[in-house]
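Report on one structure; see the data block that follows.
In what follows, chains carry the letters A, B, and so on, assigned in the order in which the sequence lines appear, proteins first and then strands, with residues in each chain numbered from 1. Because only heavy atoms are used, hydrogens play no part in the values below, and waters and symmetry mates are left out as well, while side chains stay in.
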Amino acid sequence: MTLSVIMLGYRTMFIEFDPSESIDRIIRETTAKSNDFEVGFNPQVRPADERFGDFQANGILPYAKKAGLNPRELAQKLIDLLPHSDLWETDIAGPGFINFKLSSSFFKQWIDKFHDINSIKNAIQVENQQKIVVDFSSPNTAKQMHVGHIRSTIIGESLARLLGFMGHEIIRDNHLGDWGTQFGILLFAIKKENISLSELGNDPIAKLENLYRQGNNWVKDDEDNLIQARGELVKLQNGDPENLDLWQKIKDISMDSFLSIYEMLGVQFDHSLGESFYRDKVELIYEQLLAHKICEENDGALVVFHPDHKRFSKQPFIIRKSDGASNYATTDLATVAFRKNEWQSNQIIYVTDGRQRDHFEQLFMTVQKWFSAEKNACPLLKHVWFGTILGDDNKAIKTRDGEPVKLIDLLSESIERAKKMVIEKKPDLEGSEILRRAKIIGLGAVRYADLSQDRTLDYVFSWEKMLAMQGNTAPYLQYAVARIHSIFRKIESKPNQHHSTEYPPTTDSEKKLARKLLFFSGALKQTAKELKPHFLGTYLYELATEFSSFYNQSKVMVEEKEIKSLRILLCARTLTVLEIGLNILGIDTLEEM
RNA sequence: GCCCCCAUAGUUUAACGGAUAGAACAGUGGUUUCCUAAACCGUAGAUCGAGGUUCGAUUCCUCGUGGGGGCGCCA
């Protein structure tokens, strides 16, 4: 084999979807063969500030410090050892950073190679595929979905899409709250008022919710009522036919109302196994946990203490109430076992409000001890928690009269507001088209508002902000997509047609756009690692900004064929990346806005 | 009382222990015979306080201040 063949080999071999992996690999291979570095040297390759290059390797600094070497000299040694490549230039900067500046040849080959959703998807597949249950949304039956459920639904769906895109097997499970105390209260109210469930009118779920609220007041006012309500729950859980029948009807009414919302949001569950599904699986939990001495009787209840934990050694995890009824801790335990033993899942992701962190910490600790005692491999358990949506007053969002905001009302208002924007822009559009666009813009805006910032933060709900055309919003991203489509209409071509170019990115705006495209894989990986969709959102916003800049500076429809072909290619790639990214966030796009 | 989370421009926020802390909105100044100006380009402005670890701290540790949340039969 001649040298030129080897070089050619490098040239094609190293164009990977994630350029930082190429750089990481070549550094590791090089240092492994050198006496100056220990095996396992970590190059710490990161995207670099534009001023310094495209990627940087920071690993020399800590390594040199530990080895008592001069970092700049060591960096120079490494650079000298690296095989010559026409894919990048290197230099040493500051105390010992190694900067990699990718060549125009690299950019050109990269945008040629990752030309559609399939090539990108193939390139991002994980090596160790997992079977992951994503437990999200989880509304309570007998109540309407309200804003409190939107974050779980939107974040959960987005993570499910991302992990699925990366090659994991995803099971979406809607863990309905259909077996808890609220049923005791509701059944009590139904009986007290002598209500017939088949005569609730055209908004049955709203009627039930009012009834529940009324029941809740009765229970609060009078101890006897509370005892009666708890009694109804115990009867239900013991299989009382009348209560079971009522319960089933309530569940059906609730599911109808949930499904209409899930349809709007493009969410489909593989399972909706609520707490009730586990009602005959809780006895085994009590037996096993008692047998392993993981739980104990305390004040009539069955509780788990964790002596090895500073707080949970005293704060109990109640798995059976003193009246004998199960609670959500019980069903959550049974649920883990079911997902592991029946579905063979090796990972479970729970998407809930941050206020449940203690519960999940206790649950996970208990599960680990339990599985260990049973000699069963414990699935990886992750609690993906999020902050609260706040109103103008910086308190949890409520309607004026203090009621929770119904999710359907919120989504409808967003669509209404988007409709006004669409009509203002294109007054002559047909009504159905106005509505189609309004849905995509309005629902996208609500979704993106939730996904664009760190999920652990609370955020203040603002129509003006989420529907703004400027700034980090869904309409801005959708507008970038629409403009790209517009270009393809003008040049009478399709974005998904095969486009190629012999001309590398050259001008400032071409290079910057191409450069931003290369960071897509990094954004996906970081989002998956942290389970935080805002990393992807921030990236897409930066890409859209870069595109808008390019759009203003670099006209696509130019005479020079080479330049035109390159710019068409950049537009097509930008569109592909934006569409993949937005789809993962659950946001639809428009060809025209 | 115990514990958890948060604190970055006027406001909303980004930053996997790395270089001169990056944006957006609101200010302010500009760009349109040109693929959607719902856009783009300038400009000004920030790490709660005090210690510590580190070659390097918005990031890690300790203490303090301020805000939010959780702690026995709700989920």
Do the ring planes of Phe488(A) and His499(A) sit parallel (below 30°), tilted (30 to 60°) or perpendicular (above 60°)? tilted
Under 4.0 angstrom, heavy atoms only, what part of the nucleic acid is Lys310(A) near: base, sugar-phosphate, or nothing? sugar-phosphate
Verify the ring-centre separation between Phe312(A) and Phe317(A): is it less than 6.0 angstrom? no
Between Tyr286(A) and Ser326(A), which heavy-atom pair has the shortest distance, and what is it? OH-CB, 3.5 Å
When you measure from the side-chain N and O atoms of Arg355(A) to the phosphate of C5(B), is any distance below 4.0 Å, counting only OP1 and OP2? no
Applying a 4.0 Å non-hydrogen cut-off, can you work out what Asp353(A) is touching in the nucleic acid: base, sugar-phosphate, or nothing? nothing
Picking from C5(B), C16(B), A38(B), the nucleotide nearest the side-chain atoms of Tyr479(A) would be A38(B)
What contact category does Glu361(A) fall into here, base, sugar-phosphate, or nothing, at under 4.0 angstrom with non-hydrogen atoms? nothing
Using a 4.0 Å heavy-atom cut-off across all strands, classify Phe317(A) as base, sugar-phosphate, or nothing. nothing
Paired with C73(B): which nucleotide, if any, by Watson-Crick or G-U wobble criteria at under 3.5 Å for both distances? none
Nearest-Å distance once atom P is located in both C16(B) and A50(B): 24 Å
Looking at C55(B), I'd like to know if its phosphate oxygens (OP1 or OP2) sit under 4.0 Å from a side-chain N or O belonging to Lys65(A). yes
Should Ser549(A) be listed as having a side-chain N or O under 4.0 Å from OP1 or OP2 of C41(B)? yes
Suppose we define a pair by two distances each less than 3.5 Å, Watson-Crick or G-U wobble; what does A9(B) pair with here? none
Indicate whether OP1 or OP2 belonging to A75(B) is found under 4.0 Å from a side-chain N or O atom of Tyr350(A). no
Among the nucleotides C5(B), C35(B), U13(B), whichever has the atom closest to the side chain of Ile487(A) is C35(B)
Assign Asn327(A) to base, sugar-phosphate, or nothing according to its heavy-atom contacts below 4.0 angstrom with the strands shown. sugar-phosphate
Could you tell me whether Asn298(A) contacts a base, only the sugar-phosphate backbone, or nothing, with contacts defined as non-hydrogen atoms closer than 4.0 Å? base
If you look at every strand shown and take non-hydrogen atoms under 4.0 Å, does Val303(A) touch a base, only sugar-phosphate, or nothing? base
What contact category does Asn99(A) fall into here, base, sugar-phosphate, or nothing, at under 4.0 angstrom with non-hydrogen atoms? base
Taking any heavy-atom pair under 4.0 Å as a contact, classify Ser322(A): base, sugar-phosphate, or nothing. base
Go through the N and O atoms of the side chain of Glu275(A) and the base of A75(B), and report whether any donor-acceptor pair is under 3.5 Å. no
Should Lys425(A) be listed as having a side-chain N or O under 4.0 Å from OP1 or OP2 of A38(B)? yes
Under 4.0 angstrom, heavy atoms only, what part of the nucleic acid is Pro47(A) near: base, sugar-phosphate, or nothing? base
Using atom P in both nucleotides, what's the gap between U33(B) and A19(B) to the nearest angstrom? 42 Å
Verify the stacking flag for Phe97(A) against G18(B): centroid separation must be under 5.5 angstrom and the ring planes must differ by under 30 degrees. no
Strictly below 4.0 Å, N to O, side chains only: are Glu433(A) and Arg437(A) in salt-bridge contact? yes
Pairing partner of A14(B) (Watson-Crick or G-U wobble, both distances under 3.5 Å): none
Hey, does the side chain of His534(A) come within less than 4.0 Å of A15(B)'s phosphate (OP1/OP2), counting only N and O? yes
Per atom distances to the Gln44(A) side chain, the nearest of C73(B), G18(B), C35(B) is G18(B)
Between Lys395(A) and Asp393(A), is the closest basic N to carboxylate O distance under 4.0 Å? no
Short side-chain N/O contact from Gln470(A) to OP1 or OP2 of A24(B), under 4.0 Å: no
Between C74(B) and Lys321(A), is there an OP1 or OP2 to side-chain N/O distance shorter than 4.0 Å? yes
